[in-house]
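These numbers were taken from a predicted model, which means no experiment stands behind them.
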Amino acid sequence: MTTLSIDHVSRWFGNVVAVNDITMTIGPGVTGLLGPNGAGKSTLINMMGGFLAPSNGSVTLDGTTIWRNAGIYRHIGIVPEREAMYDFLTGREFVVANSELHGLGRKEAARALATVEMEYAQDRQTGTYSTGMKQRVKLAQALVRDPRLLLLDEPTTGLDPAGRSSMLDLIGRIGA
């Protein structure tokens, strides 16, 4: 059973406290972070993903420290809030490139694209995709490694009501 542990984590930027003394344990399934803009959700996700060091406390995955541990990325899939795609690549090329960066190949990329139901548009350039399609392809690139932990930062931003519902259903299926 995969467990993410956050133990007395704080993060400050100069005099600004972004996250203050958070302690929680997250087990299998789907867990959401809710709060107003500026509450520190993205900062906490960045610490859980190993992109940002806690100013205080620790973040571990199954007892292994995440910060400065490159090996942990074999077990974490991350879908950032910001769009980080090359518009000239097709969806398939984008996911295959991310798969190959992790020593995997086309088979894993095809499985991930099927999981997010993007096979129908995988050969179109991502620059032609709607926001919802881009979110699904970003999710596919995070799924190629079949991660134990999947971090999604604002996965429904910019989606219409039907797209939001579809994305939340997909997240529920992945979580199950």
Side-chain angles (χ1 to χ4, degrees), residues 1-13 16-67 69 72-85 91 94-95 98 111-118 129-176:
M1 179 171 88
T2 298
T3 303
L4 177 73
S5 297
I6 300 165
D7 188 33
H8 296 286
V9 167
S10 296
R11 176 63 198 206
W12 48 88
F13 298 94
V16 176
V17 177
V19 174
N20 189 24
D21 197 29
I22 301 290
T23 297
M24 65 179 155
T25 301
I26 302 170
V30 176
T31 301
L33 297 176
L34 300 174
N37 292 340
K41 299 177 304 290
S42 292
T43 300
L44 186 58
I45 287 172
N46 281 324
M47 288 187 287
M48 293 181 336
F51 292 124
L52 188 61
S55 299
N56 192 41
S58 65
V59 181
T60 60
L61 181 63
D62 294 332
T64 302
T65 300
I66 292 176
W67 176 245
N69 181 354
I72 204 77
Y73 294 115
R74 291 184 192 101
H75 309 293
I76 299 176
I78 300 171
V79 179
E81 177 182 9
R82 292 191 190 125
E83 187 179 304
M85 304 175 91
F94 178 74
V95 177
N98 281 280
R111 177 190 46 79
L113 284 162
T115 299
V116 301
E117 301 170 348
M118 280 298 292
Y129 283 4
S130 68
T131 301
M133 294 166 77
K134 289 179 180 181
Q135 292 288 63
R136 285 178 180 268
V137 168
K138 287 185 338 185
L139 180 54
Q141 66 78 31
L143 292 173
V144 294
R145 293 178 310 288
D146 194 24
R148 296 186 322 209
L149 174 66
L150 182 60
L151 300 171
L152 311 173
D153 194 358
E154 303 281 356
T156 62
T157 295
L159 300 183
D160 60 31
R164 180 173 288 121
S165 178
S166 177
M167 178 61 77
L168 292 174
D169 287 345
L170 175 59
I171 291 167
R173 289 193 310 272
I174 292 168

Between CE of M167 and OG1 of T157, what distance do you get to the nearest 0.5 Å?
-> 10.0 Å

Can you tell me if D62 uses its side chain to pair, donor with acceptor, with the backbone of T3 under 3.5 Å?
-> yes

Which atom of V30 lies closest to which atom of I171, heavy atoms considered | CG2-O, 3.8 Å

For I72 and I66, which heavy atoms make the closest approach, and how far apart are they?
-> CG2-O, 3.9 Å

Atom pairs and distances, side-chain donor-acceptor, residues 44-57, under 3.5 Å, sequence neighbours left out:
| unit_1 | atom_1 | unit_2 | atom_2 | d |
| --- | --- | --- | --- | --- |
| N46 | ND2 | S42 | O | 3.2 |
| S55 | OG | W12 | N | 3.1 |

Which atom names give the shortest non-hydrogen contact between V79 and L139, and what distance separates them?
-> CG2-CA, 3.7 Å

Taking atom CD of E154 and atom CG of L152, what is their separation to the nearest 0.5 Å?
-> 10.5 Å

Distance from K138 atom NZ to Y129 atom OH, nearest 0.5 Å?
-> 13.5 Å

Atom pair CG (D153) and CG (L33), whose distance is rounded to the nearest 0.5 Å = 9.0 Å

State the CG-OG1 distance between L159 and T131, to the nearest 0.5 angstrom.
-> 7.0 Å

So the side chain to side chain donor-acceptor pair (under 3.5 Å) pairs with at least one residue in residues 158-176 (sequence neighbours excluded) are E117-R173, R136-S166

Would you say the side-chain atoms of K41 pair up with the backbone N or O of P36, donor to acceptor, closer than 3.5 Å?
-> yes

Is there a donor-acceptor contact under 3.5 Å from the side chain of Q141 to the main chain of G77?
-> no

Start with the C-alpha gap between H75 and T2, add the side-chain angles, then the distance that decides, and say whether side chain to side chain contact (heavy atoms under 4.5 Å, CB included) holds.
-> CA-CA 10 Å; H75 309 293; T2 298; over 6 Å; no

What closest approach, in Å, do G40 and V19 show between heavy atoms, and which atom pair accounts for it?
-> O-CG2, 3.7 Å

Which heavy atom of A140 sits nearest a heavy atom of A112, and at what distance?
-> O-CB, 3.3 Å

Compare every heavy atom of I76 with every heavy atom of P147, then report the nearest pair and how far apart it is.
-> CB-C, 3.8 Å

Can you check whether V116 reaches V137 side chain to side chain, under 4.5 Å on heavy atoms?
-> no

Criterion side chain to side chain contact (heavy atoms under 4.5 Å, CB included) on L150 and L143, from CA distance to verdict = CA-CA 8 Å; L150 182 60; L143 292 173; 3.8 Å; yes

Applying side chain to side chain contact (heavy atoms under 4.5 Å, CB included), name anything that partners T31, two or more places apart in sequence or on another chain.
-> I26

Between the CG atom in D21 and the CD1 atom in I6, the distance rounded to the nearest 0.5 Å is 12.0 Å

